[in-house]
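No hydrogens, no waters, no symmetry mates; every other heavy atom, side chains included, goes into these values.
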Amino acid sequence: MAGRFTPRPTRPTVADGRPVDLRLTLGPLRRGPGDPAFRITDDGSFWRASRTPHGPGTLRVRAAADGVEADAWGPGADWLRDRLPDLLGAADDPASFVPRHRLVLAVHRRRPGLRLTRTGLVLESLIPSVLEQKVTTAEAYGSWRALLRRYGEPAPGPAPEGMCVMPDARTWARVPSWEWHRANVDGKRAATIVRAARVAPRLEEAALMDPPAARRRLELVPGIGPWTSAETVQRSHGAPDEVTTGDLHLPGIVGWALAGDRTADDAAMLELLAPYAGQRHRAARLLLLSGRVPPRRAPRRAPGDITRL
């Protein structure tokens, strides 16, 4: 069992004694409600199945009366235990964040347990981010589930039924074209994942770089652009300033929340977030948590399905 953190009777904390909301902090690692690598059970435990540098591992984290407690199993158990503080945001510094808008201030006060997780694993966040390129989240989540169930391996230890660890890089690189098609992944995204898998060791080195350098390393792979690199380092590095550009919805949400402008583009969004330089991703997370989104003007886009072609 991993060591407990600073005792505090009312809510889970990390090593600095500040509160951590497990759902908010670990939530970005969950790729849809049926993610085979992430599960929240009825007893409030958060389960993650990861492929670490030492092999597969399963981690269970839950709130305890005196902080947070965790267990880990598998060849990667020690690696996961050693990095548990970073996973729970111990390296994050929300105290340095200064809200500049009333809405941001209100959410910041209402969500004191929001910490930015840092997994230290690049491919684990990169591959599902590639799957999310230019498709609906429902499509991407379905592809992730299908690929992990087909090529993953059972999560070590007493993990909930159906949990599995994502394939290793060699397996990703060898997925045949018809299996990508069967998982509803077009050739462009499949080719990007295969290219990334073939240089996986070089990409995993990016976990030790600062976020801008890590993004530059990732973007050397054809098919990985600013949107994908930002979505990756937000999770692998806990990067507070790496705001996502090129997103279909985020500029409009930020523009609406801060300026009543639902037509905001990336440039307008970055201008609105400029007062949060160094913390722009955190500011965007808080705005997403505010629930203040522009009213929908068109029906939700229907998920595509290439498997019938």
Q) Would M163 and L59 show up in the same hydrophobic cluster when neighbours are defined by side-chain heavy atoms closer than 4.5 Å? A) no

Q. For the atom pair NE2 (H101) and CG (L286), what is the distance rounded to the nearest 0.5 Å?
A. 12.5 Å

Q | Listed once per pair and sorted, the salt bridge (charged side-chain N to carboxylate O under 4.0 Å, His left out) pairs that draw on residues 236-252, sequence neighbours left out | A | R215-E242, D241-R280

Q. Is a side-chain N or O of N184 found less than 3.5 angstrom from the main chain of S143, in a donor-acceptor match?
A. no

Q: Can you see which heavy atom on P56 is nearest to which on E153, and at what distance?
A: CG-OE1, 3.5 Å

Q. What distance do Q133 atom CD and E139 atom CD have between them, rounded to the nearest 0.5 Å?
A. 13.0 Å

Q.
Could you go through L272 and M269, starting from their C-alpha distance and side-chain angles, then the distance that decides it, and tell me whether this counts as side chain to side chain contact (heavy atoms under 4.5 Å, CB included)?
A. CA-CA 5 Å; L272 288 169; M269 175 182 71; 5.7 Å; no

Q. Are F97 and L288 grouped together when hydrophobic residues (ILVMFWY) are joined by side-chain heavy atoms under 4.5 angstrom apart?
A. yes

(Q) Please determine whether residues L116 and L289 belong to a single hydrophobic cluster, defined as Ile, Leu, Val, Met, Phe, Trp and Tyr linked transitively by side-chain heavy-atom distances below 4.5 Å. (A) no

Q. Can you find a heavy atom in the side chain of W227 that is under 4.5 Å from one in the side chain of K134?
A. no

(Q) Could you check whether any side-chain heavy atom of P294 comes within less than 4.5 Å of a side-chain heavy atom of I253, counting everything from C-beta outward? (A) yes

**Q.** Separation of R30 CZ from F38 CZ (nearest 0.5 Å)
**A.** 6.5 Å

**Q.** T117 (side chain) donor-acceptor with L87 (main chain) under 3.5 angstrom
**A.** yes

Q | Nearest heavy-atom neighbours spanning T244 and Q234 | A | OG1-NE2, 2.8 Å

Q | side chain to side chain contact (heavy atoms under 4.5 Å, CB included) between I40 and L26, worked out | A | CA-CA 10 Å; I40 304 174; L26 300 178; over 6 Å; no

Q. So, the side chain of S45 versus the backbone of R60: is there a donor-acceptor pair under 3.5 Å, distance only?
A. no

Q) When clusters are formed from ILVMFWY side-chain contacts under 4.5 Å, directly or step by step, what else is grouped with Y151? A) V122, L123, L126, I127, V130, L131, W144, L147, L148, M166, W172, V175, W180, V185, I193, V194, V199, L203, L218, V221, I224, V233

Q. Hey, are the side chains of T245 and L250 touching, using non-hydrogen atoms and a 4.5 Å cut-off?
A. no

Q | salt bridge (charged side-chain N to carboxylate O under 4.0 Å, His left out) partners of residues 119-133, not counting sequence neighbours, each pair once | A | R31-E132, R48-E124

Q. What is the minimum heavy-atom distance between S96 and Q279, and which atoms define it?
A. OG-NE2, 3.2 Å

Q) Is there a donor-acceptor pair closer than 3.5 Å between any side-chain N or O of T52 and the backbone N or O of H54? A) yes

Q: Kindly say whether R100 contributes a backbone atom to a donor-acceptor pair with the side chain of Y276 at under 3.5 angstrom?
A: yes

Q: Would you give the length of the straight line joining atom OG of S236 to atom CG of L29, rounded to the nearest 0.5 angstrom?
A: 10.5 Å

Q) Is a side-chain donor or acceptor of R217 paired with a backbone partner of A213 at a separation under 3.5 angstrom? A) no

Q: Can you see which heavy atom on V107 is nearest to which on S290, and at what distance?
A: CG2-CB, 3.6 Å

Q | Closest contact, heavy atoms only, W73 versus P158 | A | CE2-CD, 3.3 Å

(Q) I want to check something: taking the side chain as every heavy atom from C-beta on, are W256 and P295 in contact at a cut-off of under 4.5 Å? (A) yes

Q: Kindly indicate whether the side chain of P240, heavy atoms from C-beta on, has any atom under 4.5 Å from the side chain of D93.
A: no

Q.
Please report the interatomic distance CG(L121) to CG(L80), rounded to the nearest 0.5 Å.
A. 7.5 Å

Q. Does R292 CZ have over 12 foreign heavy atoms under 6.0 Å away?
A. no

Q.
Check R216 with E219, please: is the shortest side-chain N to carboxylate O separation under 4.0 Å?
A. no

Q. Any donor and acceptor pair, going by atom type alone, linking the side chain of H237 with main-chain N or O of A206 inside 3.5 Å?
A. yes

(Q) Could you tell me if the side chain of D92 sits less than 4.5 Å from the side chain of R118, heavy atoms only? (A) no

Q | From D186 atom CG to T192 atom OG1, the distance as rounded to the nearest 0.5 Å | A | 8.5 Å

Q. Does R51 reach the main-chain N or O of V165 with its side chain, forming a donor-acceptor pair under 3.5 Å?
A. no

Q. Are V254 and L114 co-members of a hydrophobic cluster defined by side-chain heavy atoms under 4.5 Å apart?
A. yes

Q) Can V98 be reached from L103 by stepping across I, L, V, M, F, W or Y side chains whose heavy atoms are under 4.5 Å apart? A) no

Q: Taking all heavy atoms of R285 and all of P28, pick out the closest pair and write down the distance.
A: NH1-CG, 3.5 Å

